[in-house]
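Accompanying notes for the structure given below.
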Amino acid sequence: QSAGGEAMNESKFLNTDSSAGSVETTVKPLPFKDPNFIHSGIGGAAAGKKNRTWKNLKQILASERALPWQLNDPSYFNIDAPPSFKPAKKYSDISGLPANYTDPQSKLRFSTIEEFAYIRMLPSDVVTGYLALRKATSIVS
Amino acid sequence: SQGCVDHPIVLTEAVCNPLYSRQMMSELLFECYQVPKVSYGVDSLYSFYHNRRQSWPCSGLVISSGYQCTHILPVLEGRLDAKNCKRINLGGCQAAVYLQRLLQLKYPGHFAAITLSRMEEILHEHSYIAEDYIEELQKWRSPEYYENNMHKMQLPFSNKLLGSTLTSEEKQERRQQQLRRLQELNARRREEKLQLDQERLDRLLYIQELLEDGQMDQFHKALVELNMDSAEELQSYINKLSLSVEQTKQKILQAEVNIEVDVVDSKPETPDLDPLGSEQSLEDVESINEFEPLFAEDQPEVEKPVAAVQPVFNLAEYHQLFLGTERIRAPEIVFQPSLIGEDQAGIAETMQYVLERYPKEQQAVLVQNVFLTGGNMTYPGLKARVQKELLEMRPFQSSFQVHLASSPVLDAWYGARDWAVEYMTREEGWITRKDYEEKGGEYLKEHCASNVYVPIRLPKQAPRTAEALAPGRALTSGTGNPCEQA
């Protein structure tokens, strides 16, 4: 039985190759798998053997929400932590120290005069980078 | 094993795993791998099981922080109380990405060298969690503390110093210079080609004249030399060549006109086009180098003088990253997600929220056994921080106890091994193949370290050959009222 040793070197993309091992002549059947397995997660009536649509997390959650949950049942989306009740503390974008001041031109926070001079000298892409880090980029200006 | 996996499998899944995911997994295990029995569990609960001190079943509050997310799980009498657990979508991955962006913005010249794996190295070895964040930051304000505690990371040498520190205008200038050089090259090539073609054309015309003059012998000899058969072929070749000569002349004229236009246009845009462009970028690098120690240390006096052109600067230092407050900022996001812009609450607040959903006696019981596990909990100083947060939120002079897992990264596996060894021959907790076939892929047998099973049947995915979808959704008698379905 030659399938034993060399099959261990197969790639791990089992699902797409596992079905109908006899048809795929380039794939050696793995010894621990049932060679007649056809995965049922195939989307679309017209989808062929290769077009397996796997759902991503958003789709999975969307279809989970549609199921008949009771009010107190735990589910993946039920256990998300609630938003914070306390106001967020402000830290400087450059150095992380507690920031009392904000630059009106670029909306970056700073805590010392030297930081302010540094901010004024930054190119615009670095400024937007810092704001994006804080998710403070505003579409409406 | 011939076409199957012979032994039972213990597998971890997410807390409150979606039924669809479990169905897919069960299908894979039972149908494709022919596993005899399977057990699903939650990794942090296995870790809790491994670290149990007193008799089992016990209660406690499990806080597990992994690579992707952080869970707060209250465990009552050995069973997970699933309706009160909470998940924060921040973990080691988000901390590494945050640190990477911080350093990339601070050192834009080293954009490509600041990789995620280096960030993880920094997090594992050089970061810690401050017991009191604000106080720790105040300590970092003083320059001596900074000098003593700043960590430097040396990046490998790269030769693209100057190219990466150019501003966008200077980059444009470089591009235009290269364009001009290309154009000149093309023009030169065209002229050479024109010359060659012209010479060839002259030679052919001369041979044609031979024919007209009537010197047939020489004409034929020349034809043979050229590998041509007849006069008509010669004529057609002459025509083609003269055409291409014309075209080349046209192109040269056009190119000259373009170059003139370019030169005229670019002059007002780039007044500083001069060979000192390279030294100017060096100056920029100098000034950036100078400002960084300034702002990190917060010193009022200037360290290095703003240079006139100094072509030599400290190459080694240019390739170093200085890690100051970043050491505590990056792991802090799991306590203060607002640092990263997330609006979820941090660990401390979520713990308080979870505890408040219980009556006071149960709160006291839970708080006696706070258990920390998970790879993201291995920062030095984390246990002290959690104790301080608990001290702030619990009533005055009440007691609590915080334990850290004996090996936070691997304990889930040890716990699963313990459980499997103990329950191997027993029936409870295992989903056999028969169960799978009767009750569907999303069935879960509850045990001490598993999720809570909510008995909702999913329609079995229609196999490829079947046409119709499974009719409707079967509800077990447990869940009562039929809800509207999307």
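Quick caveat: nothing in here was measured; it's all calculated off a predicted structure. In what follows, every heavy atom counts, from backbone to side chain, and hydrogens, waters and symmetry copies are set aside. Residue numbers begin at 1 in each chain, while the letters A, B, ... track the order of the sequences.
- Looking at B:Gln138, the atoms closer than 4.5 Å to chain A (heavy atoms on both sides) all sit in the side chain, from C-beta outward.
- Listed for the B:Glu349 side chain is a donor-acceptor partner under 3.5 Å among the backbone atoms of A:Phe85.
- Across every non-hydrogen atom of A:Asp93 and B:Leu102, the tightest pair is O-CD2, 4.4 Å.
- Going from atom OG1 of A:Thr128 over to atom CG of B:Leu105 covers 8.5 Å, rounded to the nearest 0.5 Å.
- The shortest non-hydrogen separation linking A:Ala81 to B:Ile88 is CB-CG1, 3.9 Å.
- If you look at B:Tyr133 and A:Tyr91, their ring centroids are closer than 6.0 Å.
- For the options B:Leu19, B:Thr350, B:Asn17, B:Val452, heavy-atom pairs under 4.5 Å to chain A are most numerous at B:Leu19.
- Most heavy-atom pairs under 4.5 Å with chain A, from the set B:Asn451, B:Val354, B:Ile340, B:Leu339: that is B:Ile340.
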- Item | Trace of the side chain to side chain contact (heavy atoms under 4.5 Å, CB included) decision for A:Phe77 with B:Arg87 | CA-CA 9 Å; A:Phe77 44 88; B:Arg87 174 186 68 240; 5.7 Å; no

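- A:Pro98 places a side-chain heavy atom less than 4.5 Å from the side chain of B:Leu137.
- Taking chain B as the reference chain and counting heavy-atom pairs below 4.5 Å, the highest number among A:Ser75, A:Ala62, A:Gly96 is found for A:Gly96.
- Counted within 6.0 Å of CZ on A:Arg134, heavy atoms from surrounding residues, nucleotides or ligands total more than 12; the atom is thus considered enclosed.
- For B:Asn89, the part sitting under 4.5 Å from any heavy atom of chain A is the side chain, from C-beta outward, and nothing else.
- In terms of heavy atoms, A:Ser95 sits closest to B:Arg329 at C-NH1, 3.6 Å.
- Heavy-atom distances place the side chain of B:Ile134, and not its backbone, under 4.5 Å from chain A.
- Proximity to chain B (any heavy atom under 4.5 Å) is shown, for A:Pro82, by both the backbone and the side chain.
- For the pair B:Ser21/A:Ile60, a side-chain contact is recorded, criterion being any heavy-atom separation below 4.5 Å from C-beta on.
- Residue B:Val15 touches chain A through both its backbone and its side chain, counting heavy-atom pairs closer than 4.5 Å.
- Between chain B and the residues A:Glu64, A:Arg65, A:Lys86, A:Lys90, the largest count of heavy-atom pairs under 4.5 Å involves A:Glu64.
- Shortest non-hydrogen contact noted between A:Leu97 and B:Thr325 is CD2-CG2, 4.4 Å.
- Both the backbone and the side chain of A:Asp80 come within less than 4.5 Å of a heavy atom in chain B.
- Summarising the local packing, OH of B:Tyr453 is surrounded by more than 12 heavy atoms from other residues, nucleotides or ligands at distances under 6.0 Å.
- Closest approach of B:Arg141 and A:Thr112 over heavy atoms only: NH1-CG2, 4.0 Å.
- Note on B:Lys86, B:Gln336, B:Lys83: by heavy-atom pairs under 4.5 Å with chain A, the leading option is B:Lys86.
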